[in-house]
Amino acid sequence: MTQPDQGDIIDGVHYHQHDIVIVGAGGAGMRAAIEAGPSASTAVISKLYPTRSHTGAAQGGMAAALANVEEDNWEWHTYDTVKGGDYLVDQDAAEILAKEAIDAVIDLENMGLPFNRTPEGRIDQRRFGGHTREHGKAPVRRACYAADRTGHMILQTLYQNCVKHGINFFNEFYVLDLLMSEVDGIERPAGVVAYELATGDLHVFQGKSIIFATGGFGKIFKTTSNAHTLTGDGVGIVWRKGLPLEDMEFFQFHPTGLAGLGILLSEAARGEGAILRNADGERFMERYAPTIKDLAPRDIVARSMATEIREGRGAGPYKDYVYLDITHLEPAVIDAKLPDITEFARTYLGVEPYTEPVPVLPTAHYAMGGIPTTNNAEVLRSNTETVPGLFAAGECACVSVHGSNRLGTNSLLDINVFGKRAGNNAVAYAKTADWVPLPEDPTAGVRRLLDHVRGGDGSERIAVIRRELQEAMDRNAQVFRTDESLREVGDLIKTLRDRYRNVQVQDKGKRFNTDLLEAVELGFLLDLAEVVVYSARNRKESRGAHMREDYPKRDDKNLMVHTMAYLTGDAESAEADDHIKLDWKPVVVTNYQPTERKY
Ligand SMILES: Cc1cc2nc3c(=O)[nH]c(=O)nc-3n(C[C@H](O)[C@H](O)[C@H](O)COP(=O)(O)OP(=O)(O)OC[C@H]3O[C@@H](n4cnc5c(N)ncnc54)[C@H](O)[C@@H]3O)c2cc1C
């Protein structure tokens, strides 16, 4: 096609050109923008207003071995990350994460982030699960924090600095497609297509470097700490382009969601001394992790809680939850360090945490898997080849620094370290690259997608299909899994994909048509849930967050490898076997050979 210029409107489609196009205005996207903005024309496209991104809901802290309050160093942090991830972590990436953590915190401090302080005025640090000194000897204070609203402070600080750098924001724009064109025999990203919520208009953003920073997809589950908007659009878009997804079977269940609701009570509570108790008041984690007890990694704590409940020691009328007890902490400490989460317990459960234990249950929290990248945030198209000009960072990406189980406070760290790397590498690439020509009729794919969700016979409701998916994922693909439970949910997803073809979009209008976009988001949820379940069935071992009761042991000999899932063949086919192909990718090991994971 004739290449349009910046600002053109052709057949109602708006055309934009920026050296760097970033999809997502959470922590990862904005950290990338702060690097890119001063050296290249940068656009950030976000379906949410930036400060509403989920990073703002993060509570507990951001890890860095600053050693401000106790002896610590980056090597211990690396070791904890590798062991916490049950040896599926790429160890070279974990070294980068732990080493660059120190600068990542100092960068934020220099940008104006109000961290909690020690009496001497240094950045204070608190304990968090799986973070230890001397390779597992005892918990260490490694998490930097701003009360229990660390993510909120990070997001506000990054946004203010983006505004300072004059970054171009396109808010409430939903990116629905990635445009690829072949140049010199290689498929390269040319830009993205976005749907503007306010008007229903389509926009094409041409970029030399494209960064995906679209966050997670916890909404494949019903009980989740994730916001309604975490539907994995970016991961789904990349998947539909035939690019691989890595380690999708590994989804983290955070131990302390409010029972029945999933709203998160940060691990910071246990970092400050909270204790998990069963119906008998017993501190049961002493039996499962004698050294670090309640501060064991999340996979171990979540499984221990589920085991207590299964074995009849759950609390409440149905014996179906356990307690988080902070009644022994001073109210002044609670108010200073855990103000928000204690308020959640009062508001949503009517429980007074000063005097009563809080009912809690594991809640779907974090996607360890996602778009595979190199340590420079370049997206991989195979185990070794990258897609030139395409980058990903944050929860949508899989570097892999979290392996099969992320440690608490390592994600706010990940988005800062790899967001920054994505921004820098995107600029370096854009400086030497030419524009990739847009494909013929660039919005054709999005128009087809929208026609597809509007075109069914209208017999199916979006909310009904979504609920059935989420409930089945909770039932069959949560803390414990078997081949049978995964087959059951896999079969259901097949029928839901069929029924999805006939969803009813009630709103036929153009302006603020959230109904239409929820239908599109449901398509991404179905695709991603299918990859999660298919990858989980294929992994016949138990590792980190993936607990197969029919294969309860970790199998390092055969399965210390990443899963790589590819969309192949007929994407519309109902049978996952017909359109998902799985492969393995080696884990990078530098210093740490796998050992039995004791805490
Ligand atoms: C309740 C809660 C508490 C947490 N606490 C902690 C903690 O204490 N410490 C820690 O390390 N981690 C914590 N985490 C995890 C951590 O907050 C997240 O993993 C991290 O913030 C993700 O950042 P991100 O930038 O990748 O994505 P997000 O912050 O989720 O941002 C995603 C962005 O992508 C945009 N987007 C998505 N789809 C589209 C689309 N189709 N088009 C355009 N834009 C799109 C959104 O608008 C948004 O701006 C917590 C998570 C939750 C849910």
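We count ligands from 1, going down the list as the structure has it; atoms in each ligand are counted the same way.
Put simply, no part of Leu155 is less than 4.0 Å from ligand 1, judged by heavy atoms. Within the structure, ligand 1 lacks Glu267 among the residues with a heavy atom less than 4.0 angstrom away. Contact analysis puts Ala57 in contact with ligand 1, with a non-hydrogen atom separation below 4.0 angstrom. At least one heavy atom of Gln59 sits closer than 4.0 Å to an atom of ligand 1.
Checking only distances, Ser225 never comes within under 3.5 Å of ligand 1, N or O to N or O. Close N/O approach between Leu48 and ligand 1 is found [any backbone or side-chain N/O within under 3.5 Å]. Every N/O-N/O distance between Ala58 and ligand 1 stays at or above 3.5 Å. The shortest N/O to N/O separation between Ser266 and ligand 1 does not fall below 3.5 Å. At under 3.5 Å, not a single nitrogen or oxygen of Asn226, backbone or side chain, sits near a nitrogen or oxygen of ligand 1. Here's the thing with Gly27: one of its N/O atoms is less than 3.5 angstrom from an N/O atom of ligand 1. Where the criterion is an N or O separation shorter than 3.5 Å, residue side chain and backbone included, Leu412 meets it with respect to ligand 1.
Looking at Asp80 and Lys83, no side-chain N of the basic residue comes within less than 4.0 Å of a carboxylate O on the acidic one, giving no salt bridge.
The Ala25 neighbourhood of ligand 1 comprises atoms 33 (C), 48 (C), 49 (O), with distances under 4.0 Å to a heavy atom of that residue. Counting the atoms of ligand 1 from 1 in the order shown, those under 4.0 Å from a heavy atom of Tyr366 are 19 (O). Atoms of ligand 1 found under 4.0 Å from any heavy atom of Gly394 (numbered from 1 in listed order, with element): 26 (O). Ligand 1 places these atoms under 4.0 Å from at least one heavy atom of Asn410: 11 (O). Heavy-atom contacts of Phe173 reach the following atoms of ligand 1: 42 (N), 43 (C) (cutoff under 4.0 Å). Listed by number with element, the atoms of ligand 1 under 4.0 angstrom from any heavy atom of Ser53 are 29 (O), 31 (O), 48 (C), 49 (O). Remark: ligand 1 atoms within the under-4.0 Å shell around heavy atoms of Gly24 are 33 (C), 34 (O), 35 (C), 49 (O). Atoms of ligand 1 found under 4.0 Å from any heavy atom of Tyr174 (numbered from 1 in listed order, with element): 42 (N).
Contact between Ala98 and Thr78 at its shortest, heavy atoms only, is CB-OG1, 3.3 Å. The two atoms that bring Val417 and Ala101 nearest to each other are CG2-N, 4.2 Å, heavy atoms only.
Taking the six-membered ring wherever Trp is involved, the centroid distance between the rings of Tyr366 and Phe253 does not fall below 6.0 Å. Between Phe251 and Phe221, the ring centre distance stays below 6.0 Å. Aromatic rings from Phe169 and Tyr49 are positioned such that their centres are separated by 6.0 Å or more.
For the residue pair Tyr174 / Asp233, no side-chain donor-acceptor distance below 3.5 Å is found, with atom types taken as modelled. Checked by atom type, the side-chain pair Asn376/Thr374 shows no donor-acceptor distance below 3.5 Å. Defined by atom type and a distance below 3.5 Å, a donor-acceptor pair is present between the side-chain atoms of His131 and Thr409. At a cut-off of 3.5 Å, with distance as the only test, no side-chain donor of His254 or Ser225 sits close to an acceptor on the other residue.
The option from Arg31, Arg149, His54 that lies nearest to atom 30 (O) of ligand 1, judged by heavy atoms, is His54. In this structure, of Ala213, Gly60, Gly61, Ala28, the residue bringing a heavy atom nearest to atom 33 (C) of ligand 1 is Ala213. Remark: among candidates Ile45, Thr55, Leu265, the nearest residue to atom 21 (O) of ligand 1 is Thr55, based on non-hydrogen atoms.
The backbone and the side chain of Val175 each have at least one atom closer than 4.0 Å to an atom of ligand 1 (non-hydrogen atoms only). Counting heavy atoms under 4.0 Å from ligand 1, residue Glu172 does not touch it at all.
Crowding of Lys222 atom NZ: a count of heavy atoms from other residues, nucleotides or ligands under 6.0 Å not exceeding 12. Crowding of Arg448 atom CZ: a count of heavy atoms from other residues, nucleotides or ligands under 6.0 Å not exceeding 12.
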List the steps and the verdict of ring-ring contact (aromatic ring centres under 6.0 Å, His included) for His16 and Phe170. CA-CA 11 Å; His16 310 257; Phe170 296 87; 5.1 Å; yes

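No donor-acceptor pair closer than 3.5 Å links the side chain of Asp414 to the backbone N or O of Asn410.
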